[in-house]
Every structure is written in structure tokens, then in C-alpha cells.
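One structure is given here, and the rest of the page talks about it.
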Amino acid sequence: MGVCTSSTAQCLPRQSPIDIQTRRAKYDSSLKPLFIQYDPNTSKRIINVGHCFNVEFDDSSDRSVLSEGPLTSHYRLRQFHFHWGTSDRDGSEHVIDGQTYPAELHIVHWNSQRYSSFEEATKHSDGLAVIGVLLKIGEPNPVLQNIIDNLDKVKTKERTYWTYLGSLTTSPYSECVTWVLLQEAITISSEQLQHFRGLQNEDEEFILENHRPLQPIEKRLVKSSCK
Ligand SMILES: CCCCCNS(=O)(=O)c1cc(S(N)(=O)=O)ccc1C(=O)O
Ligand SMILES: [Zn+2]
């Protein structure tokens with residue numbers, strides 16, 4: 001079955017991002033800890049894609065993978081990128097109990113256990129898994145400064161998360177993403193964040209913001225890995 005990219009009779013839309021209302025999130029004791037294994041040597045390049053910059057990884061083999069948690073397959077690291085706003089007041093895509101954050105990191109993985117390519121995976125409801133990490137203003141973050149070589153250090157030993165079924169937050173908004181949103185935000189300094197707004201698109205205009213508006217949760221349930 002193809003991925004529903006619009007609200008059709010047989011399925012309600014599952015668009016992202018959403019407002020995570022923590023009191024409505026349901027603890028699911030069957031949710032296991034995430035297994036994250038990243039090899040920083042698989043990082044390939046950083047590329048300005050016009051609305052954002054992506055740090056791309058060599059995804060020709062399962063050297064950097066995500067599994068366990070809410071997932072029933074292993075997912076191969078593809079790229080990571082950030083979303084931000086025109087000021088530190090907002091910029092994250094997901095919102096927690098109505099609270100926006102100044103930015104959000106998305107670490108994109110595709111289901112290499114079931115599908116032969118990233119492009120093929122995006123056509124299926126279990127094709128992608130994206131880890132969302134909220135960024136709050138605080139001390140300059142050395143890891144962010146050198147995130148490419150330190151992706152491995154982004155892993156924290158015990159991490160709790162929310163998870164729900166959603167979509168890409170950029171066109172074509174394919175409903176192929178299992179979202180795993182870490183409950184612990186990491187810090188970025190306002191000065192570091194200002195560098196993001198200095199990026200320019202193909203028309204040499206500054207990319208001042210790139211976060212999608214909230215989408216209706218419909219009948220979806222957000223699960224939590226902790227009580
Ligand atoms: C059918 C083609 C889909 C391409 C989606 N690519 S992606 O790496 O998953 C991605 C995800 C996202 S998101 N915010 O994780 O949904 C944003 C941008 C991109 C991108 O293409 O740069
Ligand atoms: Zn994103």
C-alpha cells in the first residue's frame with residue numbers, strides 16, 4: 001500500500017510536526033531503549049539545500065544505524081539537519097505542551113532491513129525513522145560545534161522519548177516517518193544559532209526560518225518510553 005500523502009477514505013492524515021501534550025502521552029512498557037550506533041567516519045559532506053543545511057552520511061552499508069525503541073527494523077543513518085526561527089523565541093518544529101524551542105535537530109534514518117534504497121523507503125509507512133532533538137538556549141555546545149566528528153557523543157546512555165507516526169515536515173510531506181522525540185533538550189548558544197540564520201538560499205536571501213507549522217494530531221496516540 002502506498003503511503004497516504006493526503007486524507008483519503010482509508011486513512012486519516014498523519015502529518016508532522018505536532019504539539020506533544022505530555023499529559024496525554026501514554027506510557028508503553030513495551031517500548032525498549034533506543035539502540036544508536038554511529039560511525040563518525042561515515043560522514044560525507046555538509047550541503048546547503050536552500051532551505052536548510054544537511055550533513056550527509058555514507059548510507060551504502062549499515063555502519064551507522066538506529067534500532068530498538070519503537071522500531072521493528074534497523075534503520076540506516078542518512079543525514080541530519082536543523083530547523084530554526086527568526087528569533088530565539090521559536091524555531092523548533094515539535095512543540096511540548098505549547099512550548100516552542102529555538103531550534104530542533106532531525107537525524108534521518110531509513111529502513112534498510114526492508115527496503116533497498118532511501119527513495120524506496122520513503123514510499124512506505126515504516127520507511128523512515130527520524131530522531132528529533134529539541135535545542136534550548138544555554139551554554140555554547142561544543143558537540144554542536146563539532147557535531148560531525150562527535151555525533152557519537154550526542155548519544156546519552158539512558159534517554160527517554162516520545163514516539164508517534166507522522167510525516168516528513170518538508171515537501172512532499174510523505175507519511176512515512178516514525179518520529180522519536182528525545183525528552184531531554186540539548187543546549188545551543190544564541191550566537192551559535194545566529195550562524196544558522198546567516199545561511200543563504202539559492203536567491204542569496206538569508207534563511208531566517210525553516211520550521212513547518214503544527215499539524216492536527218487527529219486520532220493519533222503519542223507513546224512515552226517513561227512514566
Ligand atoms: C521523496 C523524497 C523525500 C526526501 C526527504 N529527504 S529527507 O532527508 O528525509 C528530509 C527530511 C526532512 S524532515 N524535517 O526530517 O521531515 C526534511 C528535509 C529532508 C531533505 O530531503 O533534505
Ligand atoms: Zn527536519
Side-chain angles (χ1 to χ4, degrees), residues 1-6 13-20 36 38 42-60 64-66 70-71 73 75-85 90-96 100-112 114-135 144 147-148 151 154 161-182 185-186 188 193 196-197 199 201-202 207-215 220:
M1 173 184 120
V3 175
C4 299
T5 52
S6 64
R14 44 173 275 190
Q15 289 293 298
S16 297
I18 61 170
D19 177 9
I20 303 281
I36 299 179
Y38 290 149
T42 57
S43 62
K44 271 191 335 188
R45 62 175 182 162
I46 187 165
I47 177 172
N48 182 331
V49 291
H51 56 273
C52 185
F53 67 91
N54 293 349
V55 176
E56 298 179 344
F57 289 79
D58 171 7
D59 62 352
S60 59
S64 291
V65 291
L66 166 68
L71 307 169
S73 303
Y75 288 68
R76 197 177 283 181
L77 175 62
R78 169 83 174 187
Q79 59 104 312
F80 68 78
H81 61 272
F82 295 86
H83 298 267
W84 59 87
D90 67 3
S92 65
E93 295 211 301
H94 290 90
V95 167
I96 312 301
T100 59
Y101 284 74
E104 187 170 335
L105 162 63
H106 287 163
I107 310 172
V108 180
H109 313 73
W110 59 275
N111 190 333
S112 56
R114 297 195 62 192
Y115 307 113
S116 57
S117 70
F118 169 76
E119 290 72 19
E120 178 59 27
T122 63
K123 298 171 186 163
H124 301 273
S125 59
D126 62 350
L128 301 189
V130 180
I131 294 177
V133 186
L134 296 162
L135 275 63
L144 283 181
I147 196 164
I148 299 173
L151 200 60
V154 174
Y161 58 86
W162 296 288
T163 185
Y164 77 97
L165 298 181
S167 73
L168 296 173
T169 64
T170 59
S171 174
Y173 307 107
S174 308
E175 295 178 338
C176 61
V177 181
T178 299
W179 279 95
V180 177
L181 191 64
L182 301 191
I186 61 174
I188 183 171
L193 193 48
F196 290 178
R197 301 185 192 105
L199 281 170
N201 62 20
E202 52 273 13
I207 307 171
L208 298 175
E209 62 175 335
N210 62 359
H211 57 105
R212 188 189 190 193
L214 290 175
Q215 301 299 307
R220 288 175 286 178

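Both ligands and their constituent atoms are indexed starting at 1 by order of listing. Just so it is clear, the structure is predicted and the values come from calculations on it, not from any experiment.
Atoms of ligand 1 lying under 4.0 Å from at least one heavy atom of H106, given by number and element, are 14 (N), 15 (O). Here is the list of ligand 1 atoms found below 4.0 Å of a heavy atom in N54: 22 (O). The contact set between ligand 1 and H83, taken as ligand atoms under 4.0 Å from a residue heavy atom, comprises 14 (N).
A donor-acceptor pair shorter than 3.5 Å can be found between the side chains of S64 and T42. Between the side chains of D126 and Y115, a donor-acceptor pair is found at a separation under 3.5 Å.
Although no hydrogens or angles enter the test, the distance criterion places no donor-acceptor pair under 3.5 Å between the side chain of H83 and the main chain of S92. The backbone N or O of V177 sits less than 3.5 Å from a side-chain atom of R14, completing a donor-acceptor pair. No donor-acceptor pair under 3.5 Å is formed between the side chain of S167 and the backbone N or O of E175. R78 places no side-chain N or O within donor-acceptor distance of the main-chain N or O of W110, the cut-off being under 3.5 Å. N54 places no side-chain N or O within 3.5 Å of a backbone atom of E56 that could act as its donor or acceptor partner.
Taking the six-membered ring for Trp and thresholds of 30 and 60 degrees, H94 and Y164 have ring planes more than 60 degrees apart, a perpendicular arrangement.
In terms of protein heavy-atom proximity, atom 2 (C) of ligand 1 is closest to P172 CD, 4.2 Å. The protein non-hydrogen atom at the shortest distance from atom 3 (C) of ligand 1 is L168 CD1, 3.8 Å. If you check which protein heavy atom lies closest to atom 18 (C) of ligand 1, you get T170 OG1, 3.3 Å. The closest protein non-hydrogen atom to atom 1 (C) of ligand 1 is T122 OG1, 3.7 Å. Among protein heavy atoms, atom 19 (C) of ligand 1 sits closest to Q79 NE2, 3.6 Å. Scanning all protein heavy atoms for the shortest distance to atom 15 (O) of ligand 1 gives H81 CE1, 3.4 Å.
Nearest to the Zn ion (ligand 2), among the N, O or S atoms that H106 has, is ND1.
Ligand 1 has F118 within reach: a non-hydrogen atom of the residue lies less than 4.0 Å from it. Within the structure, the closest approach of E119 to ligand 1 does not fall below 4.0 Å when heavy atoms are considered.
In T169, the parts holding a heavy atom less than 4.0 Å from any atom of ligand 1 are both the side chain and the backbone. With a 4.0 Å heavy-atom cut-off, ligand 1 is reached by the side chain of V108 but not by its N, CA, C or O. Heavy atoms of F82 found under 4.0 angstrom from ligand 1: none, in either backbone or side chain. Looking at V177 against ligand 1, nothing comes within 4.0 Å, counting heavy atoms.
Not a single N/O/S atom of C52, whether from backbone or side chain, sits less than 2.8 Å from the Zn ion (ligand 2).
The two residues L77 and H109 have their closest heavy-atom pair at CA-CD2, 3.7 Å.
Ionic pairing of E93 and R212 is not present here: no N-O contact between side-chain nitrogen and carboxylate oxygen is shorter than 4.0 angstrom.
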Practice prompt. Verify side chain to side chain contact (heavy atoms under 4.5 Å, CB included) between L135 and I186, making sure each step is shown before the conclusion.
Written response: CA-CA 5 Å; L135 275 63; I186 61 174; 4.0 Å; yes
